[in-house]
Amino acid sequence: MANKHFALKFLREETLPTAFCPGCGNGIVMNCFLKAVEELGFHDLSGFAFVSGIGCAAWCVSPYFKADSLHTTHGRPIAFASGLKLARPELNVVVISGDGDIAGIGGNHLIHAARRNMDLLVICINNFNYGMTGGQVGPTTLHGVITTTTPYGNPEYPFDLARLVESAGANFVARWTTVHVRQLINSIKKALKKEGFRFIEVVSQCPTSFGRRIGKRTGRDLMKWFKERSIHISKARDVQEVEDVIIVGEFVDRDRPGFVRKIHEIIFKVREENV
Amino acid sequence: MSERKNKEVLSGVHFWQGDTACAEGAIAAGCRFFAGYPITPASEIAEHMAKRLPEVGGIYVQMEDEIASISAVIGASWGGLKSMTATSGPGFSLMQENIGYACMTETPCVIVDVQRAGPSTGQATKAAQGDIMQARWGTHGDHEVIVLSPNSPQEMFDLTVKAFNLSEIYRVPVIILSDEIVGHMWEKVRVPSPEEIEVYNRRKPSHIGEPIFGGVGEVGVPPMPRIGDGFNLLITGSTHNEYGYRKTVDPEVHRRLVTRIVNKIRENADKIIDVETQNIEDADIGVISYGCTSRSVYDAVILAEKEGITVGHVRLRTIWPFPEKVVKEVAERVDFILVPEMNLGQLVYEVERVVGCEARVKAISKIGGGEMITPEEILSEMRKLLGR
């Protein structure tokens, strides 16, 4: 029997190949997530539930993952996932979606779920633009960059998502790029074992809608650019112009009790007192 | 309140406001998840749920806005819990996109809209009945929901139980369209014993692989599993086949899905519709009413009787699907039909559509300051039409 790729047991084979463009970074993120799951000893995804919003990144889990997936409305996966997690606390609820979905239209849910320390792992695939709709400017698009809706250059400044979510109160925050495969796998493994709100931003390439407008026409061009610009957080203390670099690494790793645990403590206490 | 002793059904007679009765009706129906956001005049529902749900092992969570609230409700429903949110006009507007998601994914959930005067922030503390059409057509695309209209704290309890049952039976969002007057009205509420309360639960699939988004004929309601039970569910608001796979360009799949989620309500309208009638067999004039306004109609019926006018009154507990048959029936027997509502004309157009040329339909409209249409105003309109 020919050796099958390890990830196939976690995927709906009948849905492959994926609909992603050549050079897209989504496959790398899927691979890293499934590798983390494999290395943690899972043989299937039955203990997981996946929630995504609208956009290319949201398709990673739906329909490709052989698992329960809730493909929701634009910007709302974290809110849907919060309800699901509270109803089924025994499940490992993971949100995988894009930067436009999670930090643009859904930005409010992101910061409040972090503040609430809701027991979710959120993986935000940041490709700097609205790729599915053709490459419009987004909340993470770099200043000055040309997109289909900033034909004269982006007059706005991007969110620093990792720092935003860290200051909102998440238990765990990391940022890597699709070049940092091993580091990303390790952070996913670490995050999957923790409670509370965990956020991983993955800087990813979109050659089709973003790269070609900034002179980086292939996935390889963009990944090379990520590699050159990345600087580890331990060496980034003196960096002032975050625009010019991608600070990667683990930004915070703390163990405050998650929302699920707190709410069940309340329920337990109320029921004890009333008996 | 230790006398409650974590009871799920507070059987007995209470003096409650409508919002409290609604929350207790939800708990009695098995609701164990509430996500909401404060808004006048619905906040008391959230406050009561925050206190009561932990007692029965349920989850209350206050979300960051109404969009998040309805999202969490849908997520929790797929997690297997009966779920509810409560709001008023502005929040109801924010929820509309995901009400459509619940229609498309056939997710049972209950949304309470305690109506206040709009548009926009309007008069936050004042009653109105301006969300009749938003409840019907607020979300985009072809869809059907069920909308119930209580007119007393007792019905805030009873119709909330019913809302959960209909939602579970038809896998559809059910909207309780209350108003500030009914929500804040204090009256006697009798809570039956648990055995007297009929509670329905969603039908579960018999085996893994059974289609859960179709495969049940043209008007059927498929079974619904929970997330996390090994079904490898694909749940999406995009057009999907009966197994949940996205089919976003196939005309036949779209027609089949959307036609069924519409027809499962339309074709079962007779089973869903619930109205209260007075004197419709032998009436001089007809009145179609709902919600708080119906309370004035009750008095107008008595006042008219004293003047020798028999009023055929149809009070809609179900607003959508619209009770066409009974309205037609009344129209065949009278020359005039009055539709009093605290808006500038909403349900009256539906009545006109159904009545056609059978009778003359006249609106009694009143807005502003939460002032109710009085029995005298209704009576005076009757006198005018009947030439008395």
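In the text below, chain A, chain B and the rest are named by the order of the sequence lines, each starting its count at 1. Only this structure's heavy atoms are used, side chains among them; waters, hydrogens and symmetry mates stay out.
Inter-residue side-chain proximity for A:Leu70 and B:Tyr101 is flagged as met; some heavy-atom pair is nearer than 4.5 Å. Side-chain atoms of B:Asp229 and A:Asp68, non-hydrogen and from C-beta on, never get closer than 4.5 Å to each other. Using a 4.5 Å cut-off on side-chain heavy atoms (C-beta onward), A:Arg116 and B:Met63 make contact. With contacts defined as side-chain heavy-atom distances shorter than 4.5 Å, the pair A:His109/B:Ile67 qualifies.
For A:Phe259, the part sitting under 4.5 Å from any heavy atom of chain B is the side chain, from C-beta outward, and nothing else. Heavy atoms closer than 4.5 Å to chain A are found nowhere in B:Ala35, neither backbone nor side chain. With a 4.5 angstrom heavy-atom cutoff, A:Ser52 does not touch chain B via any of its atoms. With a threshold of 4.5 angstrom between heavy atoms, A:Leu86 approaches chain B through its backbone and through its side chain.
B:Tyr37 OH: 12 or fewer foreign heavy atoms inside a 6.0 Å radius.
Chosen from B:Gly244, B:Ser83, B:Ala76, the residue pairing most often with chain A at heavy-atom distances under 4.5 Å is B:Ala76. Note on B:Gly58, B:Gly100, B:Ala68: by heavy-atom pairs under 4.5 Å with chain A, the leading option is B:Ala68.
Closest approach of B:Phe33 to A:Gly83, counting heavy atoms only: CZ-CA, 3.8 Å. Of all non-hydrogen atoms in A:Arg88 and B:Gly79, the two that sit nearest each other are CD-O, 3.0 Å. For the pair B:Ile59 and A:His264, the tightest heavy-atom approach, listed with the atom from each and the gap, is CD1-NE2, 4.0 Å.
Side chain of B:Arg246 to main chain of A:Ser62: a donor-acceptor pair is present (N/O by atom type, distance under 3.5 Å, no hydrogens or angles). A donor-acceptor pair is defined here as one N or O able to donate and one able to accept, closer than 3.5 Å; no such pair exists between the side chain of A:Arg76 and the backbone of B:Asn98.
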